[in-house]
Amino acid sequence: MGLIFLAPLLGLIAAAVKFSDGGPILYRQVRVGLRGRRFTIIKFRTMSEDAEAQLGAIWSVPDDPRCTRIGHFLRRSGFDELPQLWNVLCGDMSLVGPRPERPEFTGEFGKELSSYDLRHEVQCGITGYAQVHGWRGFTSLEERLRHDLYYIRHWSFALELKVLLLTLIHGWSERTRCGV
C-alpha cells in the first residue's frame with residue numbers, strides 16, 4: 001500500500017537521482033538480517049558510483065564528501081530509505097526493528113560487544129527504537145545496541161506504533177544522529 005501511495009514521490013526522486021549525474025538510480029548493498037541471514041537492501045543512490053572504490057567499506061559521516069548534490073538532500077530528508085519498502089514487501093525487513101548492518105561490520109561489532117548478535121533474533125527494520133532516539137550512523141555502538149535490546153525486550157504493538165509515530169515526527173534522517 002505504501003509503495004502505491006508513494007509512487008509519484010518515488011518517481012520524482014528516481015528522476016532527480018538519474019538526472020543529477022546519469023548514474024544508477026538505486027543502490028544495492030548486502031546487509032545482515034534475521035538470524036544472521038544476508039539479504040540485499042535497496043536504497044536510492046546518494047553517493048558517487050565509485051564511492052568505495054579506494055577506501056572499501058567505511059562508515060558514512062554527516063556531510064560525506066562522497067555524496068552527490070541530490071544525495072545530501074535525500075540523506076537529510078531520509079527519502080533515500082523509501083525503496084526499502086520493497087524489502088519489507090519481500091519479507092527481508094519490517095517497518096520497525098534494529099537497523100541492518102553490513103556483514104563487514106557485524107563481525108567486528110560482535111567481537112566488540114558480546115550481546116550484539118541478539119539484534120539478529122528479530123526482523124530488522126527501516127526505522128528503529130535506537131534511530132528515533134538519535135543513535136544511528138556514526139554514533140555510539142554501545143548506545144545503539146542498548147536501545148535495540150530495549151526494543152527487543154519490551155516489544156509491544158504500542159511500542160511499534162510509538163516508533164513509527166516518532167519516525168514521522170523526527171524522521172530517520174541525518175538530523176537524528178546525535179543521541180538525543
Side-chain angles (χ1 to χ4, degrees), residues 1-14 16-17 26-29 31-46 59-60 62 71-102 105-106 109 115-180:
M1 189 86 156
L3 284 171
I4 294 169
F5 177 73
L6 293 171
L9 176 62
L10 295 171
L12 287 171
I13 294 170
V17 171
L26 297 174
Y27 178 71
R28 292 167 178 82
Q29 190 177 68
R31 298 288 178 102
V32 178
L34 182 63
R35 294 185 190 91
R37 190 179 68 78
R38 293 178 184 210
F39 70 98
T40 301
I41 200 170
I42 303 169
K43 301 173 102 174
F44 282 118
R45 185 175 58 83
T46 59
W59 279 99
S60 65
H72 283 292
F73 166 75
L74 292 175
R75 284 180 170 227
R76 280 192 308 274
S77 65
F79 288 163
D80 62 321
E81 309 280 355
L82 290 175
Q84 291 171 42
L85 288 170
W86 180 255
N87 290 109
V88 172
L89 190 63
C90 291
D92 294 325
M93 297 177 71
S94 178
L95 290 176
V96 180
R99 286 291 297 160
E101 296 288 354
R102 296 172 69 171
F105 298 138
T106 57
F109 297 163
S115 55
Y116 182 80
D117 287 334
L118 293 174
R119 300 171 76 253
H120 300 125
E121 295 304 313
V122 298
Q123 190 76 278
C124 55
I126 294 177
T127 187
Y129 189 77
Q131 285 67 40
V132 297
H133 287 88
W135 301 107
R136 59 170 279 141
F138 200 65
T139 60
S140 168
L141 179 60
E142 293 85 3
E143 281 301 316
R144 276 188 281 142
L145 178 60
R146 188 172 70 79
H147 281 74
D148 286 339
L149 294 179
Y150 177 90
Y151 166 79
I152 292 166
R153 289 182 183 122
H154 296 91
W155 185 92
S156 67
F157 186 67
L159 181 59
E160 196 101 344
L161 288 177
K162 178 182 178 181
V163 172
L164 288 171
L165 181 63
L166 287 172
T167 298
L168 291 175
I169 294 169
H170 299 297
W172 62 90
S173 67
E174 285 186 347
R175 291 178 306 212
T176 61
R177 287 185 183 196
C178 295
V180 289

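Worth knowing before you read on, the calculation uses all heavy atoms, side chains too, and leaves out hydrogens, waters and symmetry mates. On a predicted model such as this, the values are computed, not experimentally measured, just so you know. Positions are given from 1, in the same order as the sequence printed here.
- Looking at Gln131 and Thr167, their side chains never come closer than 4.5 Å, going by heavy atoms from C-beta outward.
- Summarising the geometry of Phe79 relative to Phe44, their closest heavy-atom pair is O-CD1, 3.4 Å, with the distance given to 0.1 Å.
- In this structure, Asp148 CG and Glu143 CD are separated by 11.0 Å, a value rounded to the nearest 0.5 Å.
- To the nearest 0.5 Å, the span separating OH on Tyr129 from CD1 on Ile152 amounts to 12.5 Å.
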### Message
Pair Asp92, Arg37 - check salt bridge (Lys or Arg N to Asp or Glu O under 4.0 Å), show working.
### Response
CA-CA 9 Å; Asp92 294 325; Arg37 190 179 68 78; 2.7 Å; yes

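- The closest side-chain heavy-atom distance from Tyr151 to Glu160 is below 4.5 Å.
- Taken to the nearest 0.5 Å, the CZ atom of Phe109 stands 10.0 Å off from the CD atom of Glu142.
- The CD1 atom of Ile41 lies 12.0 Å from the CG atom of Leu26; values are rounded to the nearest 0.5 Å.
- What you find for Thr106 and Glu101 is that their closest heavy atoms are CG2-CB, 3.7 Å.
- Side-chain contact between Cys90 and Phe39: absent, with no pair of heavy atoms (C-beta onward) separated by less than 4.5 Å.
- At distances below 3.5 Å, not a single donor-acceptor pair connects side-chain atoms of Glu81 with backbone N or O atoms of Gly78.
- Between atom CD1 of residue Ile13 and atom CG of residue Asp80 there is a gap of 9.0 Å, rounded to the nearest 0.5 Å.
- With rounding to the nearest 0.5 Å, the separation of CG in Leu159 from CZ in Arg153 is 13.5 Å.
- Counting heavy atoms from C-beta outward, Leu95 and Leu85 have side chains that approach closer than 4.5 Å.
- Nearest heavy-atom pair across Gly33 and Cys124 is CA-SG, 4.0 Å.
- A side-chain donor-acceptor contact under 3.5 Å links Gln123 to the backbone of Gly91.
- Contact annotation: the side chain of Ile42 never approaches that of Tyr27 to less than 4.5 Å [non-hydrogen atoms, C-beta and beyond].
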### Task
List the steps, then state whether side chain to side chain contact (heavy atoms under 4.5 Å, CB included) holds for Arg102 with Arg31.
CA-CA 4 Å; Arg102 296 172 69 171; Arg31 298 288 178 102; 3.7 Å; yes

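- The side-chain heavy atoms of His147 and Arg144, taken from C-beta on, include no pair separated by under 4.5 Å.
- The shortest non-hydrogen separation linking Pro98 to Arg119 is CB-NH2, 3.5 Å.
- The two residues Met93 and Ile126 have their closest heavy-atom pair at CE-N, 3.6 Å.
- Aromatic ring pairs are classed by plane angle as parallel below 30°, tilted from 30° to 60° and perpendicular above 60°; the pair Tyr150 and His154 is parallel.
- For the pair Leu3 and Leu10, the minimum side-chain heavy-atom distance is below 4.5 Å.
- Taking 4.5 Å as the limit, every side-chain heavy atom of Val122 sits out of range of all side-chain heavy atoms of Trp155.
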